[in-house]
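Here the structure is laid out as structure tokens; the discussion comes afterwards.
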2 protein chains.
Amino acid sequence: MHRDMLKGHVDAVVLAILSRGDTYGYAIAKQVNDRSEGVLSLKEGTLYPCLRRLEAEGYVEGYWGGDDDGPRRRYYALTDRGRKHLEHLRAAWSVQQRVIGRLLEEGNA
Amino acid sequence: MHRDMLKGHVDAVVLAILSRGDTYGYAIAKQVNDRSEGVLSLKEGTLYPCLRRLEAEGYVEGYWGGDDDGPRRRYYALTDRGRKHLEHLRAAWSVQQRVIGRLLEEGNA
DNA sequence: GTCAAATACATAGACTATCTATGTATATGG
DNA sequence: CCATATACATAGATAGTCTATGTATTTGAC
């Protein structure tokens with residue numbers, strides 16, 4: 001029903017989650033899926049390429065660790081560049097909300 | 001700067017404009033570009049295929065007319081199906097606003 | 001003790017919407 | 001007379017997301 005709702009906002013959402021502290025891919029996907037009223041579903045085929053893209057662009061830095069108990073985990077940390085990029089994406093989001101929202105209003109001929 | 005901001009919302013925006021009355025492609029693009037703080041730019045290569053898609057799905061109906069003064073114009077009218085679809089898209093938009101907005105908030109660890 | 005499920009990462013391939021670029025034609029204004 | 005605005009249209013490139021699949025480990029149920 002509500003597919004494609006993340007489209008265009010995956011980078012922002014991932015960076016926002018990382019802004020609360022280092023974490024790893026699987027946990028990011030879980031968080032997104034859990035904190036979204038059952039509406040969003042961030043797929044692994046989306047997330048992992050996204051993390052690599054963000055790393056290639058210098059917005060995050062990955063490191064291996066925390067594989068004490070289970071399978072190995074690749075953690076990611078937000079860089080300064082990433083923090084700035086996140087602010088930019090948040091600003092873009094708020095502009096989009098306003099502008100598209102106005103266009104979608106009804107009866108404002 | 002603010003490119004891709006329409007991404008995923010072109011159909012909704014076009015249907016919303018048509019909900020205010022029949023109009024034609026070029027005028028739709030103008031309206032979007034003008035009513036958006038100079039931020040959005042709906043391209044012809046996006047709009048015309050979009051209108052054909054919407055027509056193929058039964059959400060709009062096109063007809064030729066109004067070519068008194070200038071080049072011929074193809075007008076479009078929203079169908080009942082299109083009106084329902086627009087309501088659905090507006091609802092999806094509001095859900096997205098809430099859900100993504102919450103994920104993007106800062107400091108809610 | 002074994003097998004299913006959850007955890008965790010990864011990649012290949014398909015899909016699709018949007019953009020860029022280009023083309024056609026008419027009317028208007030300098 | 002020629003540039004610009006109007007108006008529609010399509011072909012091709014791009015890129016992000018999804019589907020599907022694969023590997024490996026740990027936990028829990030039976």
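Rounded to whole Å, the distance from CG on A:Leu6 to P on C:dT16 is 19 Å. The distance from atom CZ of A:Arg74 to atom C1' of C:dT7 is 18 Å, rounded to the nearest whole Å. Atom P of nucleotide D:dC18 and atom CG of A:Leu42 are separated by 7 Å, given to the nearest angstrom. Rounding to whole angstrom units, CZ of residue B:Arg73 and C1' of C:dA25 are separated by 15 Å. One atom, NZ of B:Lys7, and another, P of C:dT20, lie 10 Å apart when rounded to the nearest Å. Rounded to whole Å, the distance from CD on A:Glu57 to P on D:dA15 is 11 Å. Atom NZ in B:Lys43 sits roughly 18 Å away from atom P in C:dA17 (whole-Å rounding). Remark: C1' of C:dT18 and CG of B:Leu51 are 14 Å apart, rounded to the nearest angstrom.
Residue A:Lys30 places none of its side-chain N or O atoms closer than 4.0 Å to OP1 or OP2 of C:dA6. In this model, the phosphate group of D:dC8 is not approached by any side-chain N or O of B:Tyr26 to a distance below 4.0 Å at OP1 or OP2. Note on A:Tyr24: a side-chain N or O is less than 4.0 Å away from OP1 or OP2 of C:dA8. Distances shorter than 4.0 Å separate some side-chain N or O of A:Tyr48 from OP1 or OP2 on C:dC9. Checking the phosphate oxygens (OP1, OP2) of C:dA27, no side-chain nitrogen or oxygen of B:Arg72 falls inside 4.0 Å.
Using modelled atom types and a 3.5 Å distance limit, the side chains of B:Asp22 and B:Tyr63 yield a donor-acceptor pair.
The residue A:Gly25 sits close only to the backbone: its heavy atoms come under 4.0 Å of sugar-phosphate atoms, none of a base.
Here D:dA9 is the nucleotide among C:dT18, C:dC9, D:dA9 with the atom lying nearest to any side-chain atom of B:Tyr76. Distances were taken from every side-chain heavy atom of B:Glu44 (C-beta onward) to each of C:dA17, D:dC8, C:dT7; the shortest belongs to D:dC8. Distances were taken from every side-chain heavy atom of B:Arg53 (C-beta onward) to each of C:dT11, C:dA17, C:dC19; the shortest belongs to C:dA17.
Seen from the ring of B:Tyr48, B:Arg52 does not count as a face-on cation partner, given the 6.0 Å and 45° thresholds.
With contacts defined as side-chain heavy-atom distances shorter than 4.5 Å, the pair B:Val32/B:Leu6 qualifies.
Heavy-atom contacts from other residues, nucleotides or ligands closer than 6.0 Å to CG of A:Asp34 number more than 12. By the 6.0 Å contact criterion, CD on A:Gln97 is enclosed, its count of non-hydrogen atoms from other residues, nucleotides or ligands being greater than 12.
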